[in-house]
Amino acid sequence: MQDIFQLAYWIPLLPLLGSLLNGLGRRYMSRSMAGWIGSLSVLGSFVLSVLVFLHVKSGHSEVIHYFDFIKVGTLTIPFSFQLDALSSLFLLIITGVGFLIHVYSTAYMHEEDPDQFARYFSYLNLFVFSMLLLVLGSNYVILFIGWEGVGLCSYLLIGYWFKNPAYTAAANKAFIMNRIGDLAFLVALFWIITKSGVVGFQDFFSFVQQHQFTERFTATDITVITLLFFIGATGKSAQLPLYTWLPDAMAGPTPVSALIHAATMVTAGIYLIARSNFLYSLAPHTLHLISWVGLLTALLAASIALAQNDIKKVLAYSTVSQLGFMFLALGTGAYAAAVFHVMTHAFFKALLFLGSGSVIHAMGGEQDIRKMGGLSTKLRITYFTFLIGCIAIAGIPPFSGFFSKDAILLSVFLHSPLQYGLALFAALLTAFYMFRLLFLTFAGQFRGTEEQKHHLHESPWAMTLPLLVLAVLSVIGGWVGIPEVLLPNAEPLIQFLSPVIPVVPHAVSHETEYILMATSTVLVLLMVLAAWWRYRHYQPGVSTSPFTRLLENKWYVDEIYDKLIVQPLSWMAAWLRSVAEAKVIDGFVNGVGRAVQYSARQLRFVQSGQVGLYVLLMVLSMAVMLFIQFFIRK
Amino acid sequence: MNALLVSALWGVIMMFSGVAIKRMNVVRYVAMAGVAILIGLNVAEMKGWHLLAIDTTGMLAFDHYALLFNSTLLLAVFIYLVLSGSAMERIGAHCADYLALLFFIICGLLMVSAFESLLILFLGIEIITIPLYILTGSDKKNLKSNEASLKYFLLGAFSSGILLMGIALIYGARGSFALSGVADTIRVSNSLMLSGMLLLLIAMSFKVSAAPFHFWTPDVYDGAPTVFTSFMATVVKVAVFAAFVRLFDRSFALQINAWQAWVAALAALTLFMGNITAVFQQSVKRMLSYSSIAQAGFMLLAVFAMNTTAKEGLLLYAATYSLATIGIFAVLIRMKDYSFEAFNGLASRYPWVAAALTIFFLSLAGIPLTGGFLAKFYMIKAALEQSVWLVLFSLVMAAVSVFYYFRVIQAMYFKPVGQTDPITFDPGFTRLLIGVAVLLIVLGLFPQLLIGQLYF
Amino acid sequence: MSIVQILFWVLSAMALFSALMVITSKNPVYSVLWLIITFFAISGHYILLNAQFLAVVNIIVYAGAIMVLFLFVIMLMNARQEGPTGSKRWITLAGTVSGGIFLLVLVAALKDSELKARTAMVMDGQIGLIKVLGNELFTRYVVPFEISSILFLSAMVGAVVIGKKD
Amino acid sequence: MPINYYLFLSLALFTIGMVGVLTRRNAIIIFMCIELMLNAVNLLLVAFSKMHYQAAFEAGQVAGQAGVDGQLFVFFIMVVAAAEVSVGLAIIVMMYRNVHSVDINFLNRLKH
Amino acid sequence: MIALLILLIPLLGGLVSFMIGDHKKWVGPVFLLAAGLQFLLVLLALTSWDQPELHRFSAAWMSDVGSSFSLSLDPLGKVLCLLNAVVYFLLALYLQGRSMQKPGAFYGWLLLAQAGMMGVFLATDGLLFYFCWELALIPMYFLSSIWGGPRRIAVTFKFFIYTFLGSILLLAGLIYLQSLTPEKSFALDAILKLNLTNTQQSWLLWLILPAFAIKLPLFPFHTWQPDAYEEAPTPVTLVLSAVMVKMGILGLLRWLLPILPVAAYQWGDVIMGLAVGGIVYASLIAWRQDDLKRLVAYSSIAHIGLMGAAAFAGNLGSLQGLCFQLFAHGINIMGMWFLVDLIERNLGTRKIADLGGLAQRSPGLTLFMVIIAFANIALPLTNGFVGEFLMFTGLLATKSNYYWVFTVVAGSGIILSAVYMLGMIRSVFFGEGPSQPLPPVKLSVQEQLVLLIVVGLIFVFGLFPQPLLDVTASYSDNLFKQIDISYLFKNF
């Protein structure tokens with residue numbers, strides 16, 4: 001089994017090969033062929049990941065060095081992979097969920113032309129490759145390569161239907177907002193390089209342990225670096241203030257939303273901070289800020305999700321909100337809880353997205369939940385699995401979401417009761433809007449057109465099978481993190497992660513834990529009831545209050561950004577182009593030329609042709625010269 | 001000295017050949033032969049082989065530099081005769097007489113680079129200018145030629161008066177006309193000396209057309225028959241520069257503090273006036289006369305710096321500037337219209353002529369690979385040790401010069417053929433022109449070929 | 001005041017006055033005549049300085065030959081009066097002013113030169129005599145002398161080229 | 001006589017000639033004024049010549065050649081002046097033939 | 001000897017090309033042959049003939065002004081010569097079969113320009129350097145003025161005069177340096193031995209810098225560049241921006257920094273400030289361009305701004321990054337110009353407003369554009385990333401007090417580059433396109449081959465930058481020692 005680590009490079013390589021095969025050969029590829037290549041390559045990675053995971057689980061971890069990527073002076077950036085608990089866990093999530101979504105996509109994207117179909121799979125495989133690179137990299141640079149790579153794939157996939165200008169705009173927005181975060185990431189990275197000269201996680205970790213660390217790094221340095229990394233994470237993981245790209249990113253095909261914008265890519269920020277936990281533990285101010293940003297994001301996104309009518313938008317805001325929860329966990333120092341939530345969230349959010357894709361598929365592309373309703377009878381599997389997803393996300397025991405969210409809430413409670421209250425509120429909102437979505441979609445009467453009604457049908461097996469698998473995972477996925485209070489010697493996940501993330505024993509009585517769990521469960525159930533009460537017989541056209549309109553319009557954040565940043569920049573660029581460049585700088589350059597020509601035109605009139613004037617000028621200059629020589633220069 | 005005698009003699013021969021020989025091109029060949037003989041004599045004298053040893057009683061001293069300078073000038077004259085000599089026949093019936101005058105002028109040229117006495121300087125300058133008044137006015141029916149001649153004459157005579165006053169004042173201070181006056185040290189700041197020197201400076205500035213004493217130049221060069229403008233603007237001008245340098249180097253070395261700043265000021269003003277005014281000219285001929293002023297500004301840097309580099313550089317400058325300008329004028333003479341538009345599309349019809357012209361203009365602008373660059377390079381190098389600001393200013397002005405030189409290149413290469421009346425360049429002429437261009441490039445790559453002769 | 005001084009002053013006054021009349025006379029012929037008088041005055045100075053050769057040459061060449069040539073040309077052209085264009089007043093003024101500045105600056109600069117105490121020998125000295133000058137001219141100055149023949153030759157050719165009607 | 005007298009006299013004559021060149025428009029008169037300038041120089045040269053002669057004389061070199069240069073220079077100036085006059089008048093006559101005027105204000109075809 | 005050959009091949013090739021100008025059938029192959037030979041030679045010089053004694057050449061030339069004809073292929077020269085050879089080889093391949101006016105003269109000028117640029121990269125003598133500097137400029141003048149766009153004459157003239165003005169100041173600086181050396185020599189080694197005072201260094205900096213700043217071009221000396229790029233024929237623009245601007249960087253690295261380290265430090269803040277300011281400035285303007293060529297031109301200014309700042313950052317990371325970026329930027333911008341040329345020639349316009357929806361009918365072109373565009377905005381695993389990464393590392397580590405300002409401002413260029421590049425791709429390639437559908441852009445075999453090579457280079461050097469970094473490692477190390485002035489601070 002030792003050899004399995006030596007094969008680790010196949011994990012990212014397989015999807016890359018799949019991507020290249022699909023991408024370059026797309027003209028000669030049939031749909032099924034492209035689908036097979038895409039899915040099987042990820043399946044291969046998944047199998048390898050499982051083997052790696054098992055090996056790691058038996059207590060091994062290793063940094064495998066391939067070649068030196070960049071070597072300048074004393075700075076060496078190796079191209080090497082780190083196989084340990086954290087990365088192997090993420091490997092499983094990425095390849096596992098990724099494989100399911102590939103399978104799902106073969107059916108979902110079936111209406112595309114073969115070459116576009118292959119292009120889609122090429123992008124999707126490329127994404128998996130990049131994401132794997134991100135989590136496998138043993139240093140910040142390789143991580144960054146993957147980090148940017150997933151950004152690129154996200155861009156490509158959001159703009160997959162490139163004929164639609166709105167979609168390509170969303171793609172650009174996603175990439176650019178990510179780049180803002182990337183800049184912060186890079187600056188942090190440069191900072192580390194400048195101060196320590198190393199980039200590897202382990203190298204840096206051991207550097208942090210050394211005594212020279214405190215000589216070179218001041219508290220400010222640490223705070224700045226951690227803050228910058230966090231800003232990088234807010235870009236990728238859609239936190240305040242850089243979250244607005246994620247809802248727009250729903251322009252991409254639904255499986256993409258499931259894979260990239262729910263299960264994997266957006267959790268890269270959490271991965272980054274969890275990876276750097278040894279540094280963050282030294283930066284209490286940053287952690288505090290992270291917790292608040294996460295909390296506010298969770299609240300804000302949840303509030304927006306309450307009033308959205310696009311099925312995918314609701315899920316998108318829900319994702320933002322859940323990511324906020326994860327950051328909240330990170331901020332309170334519960335790195336393992338955050339990673340736990342990443343995992344469960346990957347299951348149920350992928351499930352929900354794929355379910356919504358199934359709905360959209362059935363509705364012939366309709367995404368407005370006001371025009372749905374009553375689908376539970378027609379789409380039984382979809383309904384059933386979607387329900388499981390909702391329960392899981394709402395945090396009802398014993399579904400997976402309950403345990404991960406409970407771990408977070410417990411940690412927050414220990415950290416700050418105020419934050420706990422707000423977080424609980426956000427969790428309640430989650431339950432409310434998710435069940436609102438469920439009821440509007442599946443309950444009540446069908447509100448669509450007759451034609452749509454006629455065409456309603458359950459999706460093919462390639463779509464339902466992943467739904468079922470994910471549903472099972474959503475149910476049982478949380479059991480790896482059952483808290484000690486419920487099951488002695490449990491929490492295998494935290495134990496598993498302990499080599500990377502030190503276990504923090506929390507001193508809290510069992511009674512308190514019971515009370516917290518009970519409170520949240522009861523309140524969530526109440527919210528579910530409330531949602532059912534309100535939306536079981538929903539009729540569109542109900543007049544909305546100003547507050548709802550505010551929520552529907554997402555607090556006008558996009559508009560504010562546009563007014564505050566984009567438009568001034570655009571105005572400034574136009575001004576620079578037409579005034580600063582053309583009039584001032586080039587005007588000066590041309591002005592010099594014109595001044596020469598002007599003086600040439602004027603100066604030649606001295607040459608009047610009059611001999612008298614010539615002599616006069618000569619005599620005058622002569623007199624002046626003599627005068628200066630004898631009466632001034634003396 | 002031998003060349004001086006022979007050139008006077010050859011002038012007389014030319015006078016009579018006009019009567020004896022009916023075919024004008026034969027007369028021209030005689031003239032070319034004369035120049036060739038002069039070159040030979042000069043070179044021979046450089047090698048220390050004198051045909052006639054003449055005692056000049058300290059009036060003239062043909063040192064190595066003077067001989068080399070003269071040989072270079074004579075070579076330029078030879079090329080001038082070959083390229084443009086035929087154009088003299090078109091001016092009037094006195095072609096042989098023009099050539100005779102040319103030889104008398106050469107006589108003066110040979111003197112002013114070797115004078116040891118202010119008297120010879122004066123005589124030399126007069127021998128140069130008096131025939132030039134006539135050559136300027138030789139196109140008698142042409143009012144412009146008349147006007148140029150009269151202007152040149154009046155202003156030239158006036159400046160001769162200044163020159164003489166200067167010489168008289170110097171004589172008063174020194175008691176001698178010899179260049180290296182007796183025990184000058186005590187008279188360094190003598191006001192008589194200073195005023196005489198300043199007047200000489202002014203007179204010489206006039207002769208080399210340095211601003212603000214340059215006003216005659218554009219009008220005279222413009223009005224004179226082009227073939228003589230070519231001669232005046234090149235050979236004559238650089239020879240007078242040699243006299244200028246010799247005078248101030250040999251005679252006023254001790255007073256350098258007094259005149260150096262003036263030369264700097266004159267150089268700056270000349271560069272400014274010449275370059276700036278040239279920018280807005282409509283006629284290539286007139287542009288070239290302003291350009292000659294601008295180039296004089298650069299040559300003044302040699303006077304300003306007055307060191308070995310400067311003298312070497314002046315030699316190179318004389319050669320490259322003369323060759324390039326003679327080449328351009330040779331083409332210009334063959335054109336009916338001197339405007340920039342007349343050059344439109346020349347490159348497509350006569351690519352070789354255009355290429356040669358391009359090299360000439362690049363050389364004048366001081367673009368590397370051409371001799372003109374190295375000439376400017378030497379000037380800058382010489383002057384940089386004295387004043388950075390002047391050098392910077394002259395460099396900026398060199399950039400301005402690109403403005404007008406490149407107008408011709410633009411017309412030749414980038415503009416469509418405009419005019420209809422055809423210009424013809426016979427193949428022999430084209431080949432010669434190419435030869436001159438190649439010579440310029442050779443000088444630009446291996447200046448030692450010329451400057452190295454100084455040290456043999 | 002010795003006779004030399006009186007002669008000097010008289011000749012100087014005469015030279016200056018007639019020179020001024022040259023440039024102020026309206027009629028060119030008068031200008032020529034006044035110039036001849038100036039030349040005579042200068043020749044007088046030469047005699048005073050015992051430069052007999054130059055005095056004679058001055059009268060023969062300048063006052064005699066050259067000025068007659070001028071007069072001849074003026075008569076030929078019949079250009080007795082300056083044309084109706086008239087000199088611009090400011091040109092006259094500016095010319096006078098700049099000429100005046102020139103003179104003033106030079107005089108002011110030179111009045112305290114080291115020559116202040118020196119004098120020119122008058123009414124005595126051998127060097128102005130033809131014998132001495134001739135001797136020098138054909139020994140030390142033979143080269144310039146011969147060169148001046150070239151000058152004359154070229155002037156002659158020039159005059160023919162220019163003057164000949166064709 | 002003090003040399004300064006001669007100096008100032010010839011400077012004055014020179015300046016008068018110069019002012020004549022500046023103020024008159026008749027080419028012939030301008031030319032005459034130039035001749036006046038030359039004569040002023042001649043006078044100065046002769047005076048200097050005698051000054052140097054006197055200096056040498058007083059220093060005891062009775063038969064010295066001091067000062068001869070100056071007078072010979074004057075001779076050459078006259079030579080040149082004569083040559084100049086022949087050419088100059090020829091030019092002026094040529095001009096007169098073509099434009100029937102010797103007014104330099106008419107010399108304005110060449111400008112700018 | 002090899003150094004001399006590198007100079008001679010394009011020179012002779014150019015002359016031959018001029019001579020056979022009438023035989024249109026032959027000029028293309030001759031160009032290809034010369035460029036190919038050159039490429040082969042440089043490749044051999046970097047690999048099997050990598051002996052230092054082969055890489056030097058020196059001959060007597062103008063010894064009395066202290067100059068000699070000495071060439072040396074040092075590591076920096078290797079990278080740049082390689083770039084020059086690659087660009088010309090690919091360009092020759094790309095231009096095969098292209099019909100144009102007077103092809104003999106066109107290729108002849110191009111090859112002469114290559115000779116000039118090679119000379120600049122190789123010269124170790126100040127005067128020879130200046131010679132080649134101008135020699136490279138003249139062909140560009142003719143190329144742009146004869147074969148360029150409608151405003152070509154005025155625009156190229158402005159370019160010429162601007163550059164010329166800078167270069168003659170450079171000449172003055174070089175002469176001044178020469179006059180200071182004890183043996184009055186223009187040799188780089190002699191100049192490097194000088195002990196210049198701070199004042200002298202400052203003086204010289206402002207004499208020498210403008211030439212390089214204009215050539216690069218560095219903000220605010222850049223205004224000739226967009227016009228010149230726009231009006232020049234695209235192959236010429238390609239050479240201008242892929243190779244010729246590198247002359248400026250080389251000038252900084254070889255003729256400014258090691259000679260004037262103190263002044264470079266003293267004025268470093270100002271220059272770096274201008275450079276990084278220029279990044280934002282040019283990026284914002286690029287965002288608002290409606291002409292493809294102008295957009296690429298401004299993007300080039302932005303990229304060059306970073307390179308200029310890195311040159312003055314003065315540490316090993318920035319220098320190595322810069323050396324790498326010299327090559328990478330050349331490759332990327334070359335690919336960009338190929339694409340612009342393809343679009344312009346096939347569709348007859350390069351106005352962004354007239355284009356759109358190209359992705360539907362020209363998927364191959366789109367793929368190439370996306371890859372090259374992302375390489376241009378320094379996506380990891382493309383060659384653009386490595387250089388920029390190292391330069392940024394260096395910029396943050398610079399000794400200036402404003403290190404973080406520079407890094408952040410320059411870093412905003414990373415964001416803005418994405419803004420304008422993706423904006424351009426979106427407008428040109430995506431969407432429905434104009435109502436009259438544009439014809440597809442058909443790539444010929446050699447065009448595809450050239451673009452594939454470009455893309456290959458992008459990825460190969462993006463993934464394995466180390467071989468190229470190794471080439472310049474010793475050089476950067478050496479240069480870093482030369483410009484390291486930390487000894488000046490020890491006294492405090």
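Per chain, numbering begins at 1; letters A, B, ... match sequence-line order.
- Taking every heavy atom of both residues into account, Met77(C) and Ile92(D) meet most closely at CE-CG2, 3.7 Å.
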Start with the C-alpha distance between Lys50(D) and Val122(C), add both sets of side-chain angles, then the distance that settles side-chain contact (heavy atoms from CB on, under 4.5 Å), and finish with yes or no. CA-CA 8 Å; Lys50(D) 293 293 289 190; Val122(C) 285; over 6 Å; no

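- In this structure, Asn58(C) and Met78(D) have side chains that are in contact, with non-hydrogen atoms separated by less than 4.5 Å.
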Do Thr23(D) and Thr92(C) pass the side-chain contact (heavy atoms from CB on, under 4.5 Å) test, and can you show the C-alpha distance, the side-chain angles, and the key distance before you say yes or no? CA-CA 5 Å; Thr23(D) 50; Thr92(C) 317; 3.7 Å; yes

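- In this structure, Leu76(C) and Tyr96(D) have side chains that are not in contact, with every pair of non-hydrogen atoms separated by 4.5 Å or more.
- Neither the backbone nor the side chain of Asn135(C) comes within contact range of chain D, judged by heavy atoms closer than 4.5 Å.
- Side chains of Ile127(C) and Ser49(D) form a contact here, defined as non-hydrogen atoms less than 4.5 Å apart.
- Looking at Leu133(C), both its backbone and its side chain come within 4.5 Å of chain D, counting heavy atoms on both sides.
- Taking all atoms of both residues into account, the shortest heavy-atom contact from Thr15(D) to Gly99(C) is CG2-O, 3.1 Å.
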Working note: Leu22(D) + Thr96(C), criterion side-chain contact (heavy atoms from CB on, under 4.5 Å); need CA distance, chi angles, decisive distance, verdict. CA-CA 8 Å; Leu22(D) 285 173; Thr96(C) 317; over 6 Å; no

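- Glu136(C) is listed as a side-chain neighbour of Val68(D), based on a closest heavy-atom distance under 4.5 Å.
- Looking only at side-chain heavy atoms (C-beta outward), Ser31(C) and Met32(D) come within less than 4.5 Å of each other.
- For the pair Pro28(C)/Ile28(D), no side-chain contact is recorded, criterion being any heavy-atom separation below 4.5 Å from C-beta on.
- For the set Val61(C), Val160(C), Leu20(C), the entry with the most heavy-atom pairs within less than 4.5 Å of chain D is Leu20(C).
- Chain C forms more heavy-atom pairs under 4.5 Å with one residue of Leu13(D), Val87(D), Leu7(D) than with any other, namely Leu13(D).
- Inter-residue side-chain proximity for Leu89(D) and Phe72(C) is flagged as unmet; no heavy-atom pair is nearer than 4.5 Å.
- Other residues, nucleotides and ligands contribute only 12 or fewer heavy atoms inside 6.0 Å of the OH atom of Tyr5(D).
- Highest contact tally toward chain D, considering only Gly158(C), Ala94(C), Ser148(C), is held by Ser148(C) [criterion: heavy-atom pairs under 4.5 Å].
- In this structure, chain C has no heavy atom under 4.5 Å from any part of Leu45(D).
- Classification of the Phe76(D)-Phe145(C) ring pair by plane angle, with boundaries at 30° and 60°, yields perpendicular.
- Ion pair Arg140(C)/Asp69(D) flagged as a salt bridge, since at least one NZ, NE, NH1 or NH2 atom sits closer than 4.0 Å to an Asp/Glu carboxylate oxygen.
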Take Phe75(D) and Tyr141(C) through the test ring pair (Phe, Tyr, Trp, His ring centres under 6.0 Å) and record every step on the way to the result. CA-CA 11 Å; Phe75(D) 170 75; Tyr141(C) 279 80; 9.8 Å; no

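- Between Ile42(C) and Asn42(D) there is no side-chain heavy-atom pair separated by less than 4.5 Å.
- In this structure, the side chain of Arg118(C) does not engage the main chain of Phe48(D) through any donor-acceptor pair within 3.5 Å.
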Kindly indicate, with the supporting measurements, whether the criterion side-chain contact (heavy atoms from CB on, under 4.5 Å) is fulfilled by Tyr6(D) and Leu49(C). CA-CA 11 Å; Tyr6(D) 284 105; Leu49(C) 286 161; 3.6 Å; yes

